[in-house]
Amino acid sequence: MKQLRLALLGFGTVGQWLAEALQTQHAWLQQECGVVVTIISVATAHHGLIYQDDGLDIPTLLDLVATRRHLTTHPKVTHWTNVLEGLQSTGGDVLAEATGATLRQGEPGLSYIRTALTQGMHVVTSSKGPLALAGLDLLALARVHGVQLRMESTVMSGTPVLSTIREGMAGTRIRAIRGIFNGTVNFILSAMAMGYDYVEGLAQAHSQGYAEADPTDDVEGDDTVAKTLILATAAFGRALTPEQVVRSGITLLTREQMQQALDEGKRIKHVTSLRLLSKDGTEITRETADNGTIPTHLEARVEPIALPLSDPLARIDGLLNAIAIQTDTPQEVTVIGPGAGRFQAGQEMLADLIAIAKSR
Ligand SMILES: NC(=O)c1ccc[n+]([C@@H]2O[C@H](COP(=O)([O-])OP(=O)(O)OC[C@H]3O[C@@H](n4cnc5c(N)ncnc54)[C@H](OP(=O)(O)O)[C@@H]3O)[C@@H](O)[C@H]2O)c1
């Protein structure tokens, strides 16, 4: 039986879901995956890091959080106020990083991930910021230390996109990716396609709990730009900066523009596109690639586009996300599924964890 000692940094919505899943699926993980996962440390911003070498008791952890008691009241734990120092002192086989890392600085996740990789720990993370800002560097660091950095839940949380690209499509060369990567924005656009204006669509998203109190990161495209940067790294092996992504949000879209698109048999969607281009700015196709044209740069855009109904992305409604991947094989592959939620994010972290356990 393989033993996996887990450091869990971030014990909010996603971290708690993951801990609970490890508890309820304990027997299944042993029987089906041949792995016993023990949570040896847990950290939050307000509680610092607690550590127990024999493993923390998950029901106790969840009860402490539910009853708003301090994590240090868990029996027999060592405590660090400074989470980074705690991680450096206690290590583990895998870091599960689920802090609320910011999109702009990537912290605290970036420092935690760097530290863990440098210590020879595998990392699974649900935080977009660190991967968007330093994905290629972090993957290189993981390679140097012979460990894995997995990030399935950062793009289309709940739908296996990165593993589809990395494992399912291994051997193909990806030429372009298009996608709808923000459920809140897609929900608002779906409402607008039914005749509501932007303000009414946003109000509906708010009333159903699909939009943050401050929706800026979603509606102005920051969240989607972060996912675009992660895909640039994961699918194309290229590091782009946020400034290199041509971006426009959805706040200025009018009812008239939506109606005009409908009249033309189109639907306006907030589309991410990543395309390999040749030196003269033309798209790389099968033919030009066969003729030896070399891709020199990656174009990245996040913007509202009127798509014809024949395009699979035009028919993605409500909270759904989708990705359409063009490779050097003839047909585009489209994957449709959820893109957010505590279950979805936690489940993808669990899938990453199982992949690491199986490969050890
Ligand atoms: N929820 C989703 O549906 C979803 C989906 C995909 C990806 N994600 C990503 O997953 C990550 C976690 O999301 P969440 O919904 O679980 O967030 P959350 O409920 O706000 O929980 C964040 C956790 O991280 C802890 N934390 C914050 N700063 C920290 C620090 N400096 N050191 C240690 N711990 C720290 C918080 O501690 P305190 O409670 O003490 O502040 C809290 O326990 C985010 O990056 C989010 O974008 C979430």
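These numbers come from the heavy atoms of this one structure, side chains and all, not from hydrogens, waters or symmetry mates. Please read these numbers as outputs of a predicted model, since none were measured by experiment. Counting convention: from 1, in listed order, for ligands and their atoms alike.
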Given a cutoff of under 4.5 Å between side-chain heavy atoms of I, L, V, M, F, W and Y, with clusters grown through shared members, what are the other residues clustered with Trp17?
Phe343

Test of understanding: with salt bridge (Lys or Arg N to Asp or Glu O under 4.0 Å), list the residues that count as partners of Glu107, not counting sequence neighbours.
none

Within the side chain of Arg5, is there an N or O that forms a donor-acceptor pair under 3.5 Å with the backbone of Asp53?
yes

Describe, in one word, how the ring planes of Trp80 and Tyr51 are oriented to each other, choosing from parallel (under 30°), tilted (30 to 60°) and perpendicular (over 60°).
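If you compare the ring of Trp80 with that of Tyr51, the planes turn out perpendicular.
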
Under 3.5 Å: N or O atoms of ligand 1 paired with protein N or O:
{"residue": "ligand 1", "atom": "3 (O)", "partner": "Gly341", "partner atom": "N", "Å": "3.0"}
{"residue": "ligand 1", "atom": "3 (O)", "partner": "Gly341", "partner atom": "O", "Å": "3.2"}
{"residue": "ligand 1", "atom": "10 (O)", "partner": "Ser126", "partner atom": "O", "Å": "3.4"}
{"residue": "ligand 1", "atom": "10 (O)", "partner": "Ser126", "partner atom": "OG", "Å": "2.7"}
{"residue": "ligand 1", "atom": "16 (O)", "partner": "Thr13", "partner atom": "N", "Å": "3.2"}
{"residue": "ligand 1", "atom": "16 (O)", "partner": "Val14", "partner atom": "N", "Å": "2.8"}
{"residue": "ligand 1", "atom": "19 (O)", "partner": "Thr13", "partner atom": "N", "Å": "2.9"}
{"residue": "ligand 1", "atom": "19 (O)", "partner": "Thr13", "partner atom": "OG1", "Å": "3.0"}
{"residue": "ligand 1", "atom": "31 (N)", "partner": "Tyr112", "partner atom": "OH", "Å": "3.3"}
{"residue": "ligand 1", "atom": "32 (N)", "partner": "Tyr112", "partner atom": "OH", "Å": "2.6"}
{"residue": "ligand 1", "atom": "34 (N)", "partner": "Ala45", "partner atom": "N", "Å": "3.3"}
{"residue": "ligand 1", "atom": "37 (O)", "partner": "Ala45", "partner atom": "N", "Å": "3.0"}
{"residue": "ligand 1", "atom": "40 (O)", "partner": "Thr44", "partner atom": "OG1", "Å": "3.3"}
{"residue": "ligand 1", "atom": "40 (O)", "partner": "Ala45", "partner atom": "N", "Å": "3.2"}
{"residue": "ligand 1", "atom": "40 (O)", "partner": "His46", "partner atom": "N", "Å": "2.9"}
{"residue": "ligand 1", "atom": "40 (O)", "partner": "His46", "partner atom": "ND1", "Å": "2.6"}
{"residue": "ligand 1", "atom": "41 (O)", "partner": "His46", "partner atom": "ND1", "Å": "3.2"}
{"residue": "ligand 1", "atom": "43 (O)", "partner": "Phe11", "partner atom": "N", "Å": "2.9"}
{"residue": "ligand 1", "atom": "43 (O)", "partner": "Gly12", "partner atom": "N", "Å": "3.2"}
{"residue": "ligand 1", "atom": "45 (O)", "partner": "Thr99", "partner atom": "O", "Å": "2.9"}
{"residue": "ligand 1", "atom": "45 (O)", "partner": "Ser127", "partner atom": "OG", "Å": "3.2"}

By side chain to side chain contact (heavy atoms under 4.5 Å, CB included) - contacts of Ser163 (at least two apart)
Arg150, Glu152, Pro160, Arg166, Glu167

Would Thr72 and His70 count as having a side-chain donor-acceptor pair, cut-off 3.5 Å?
yes

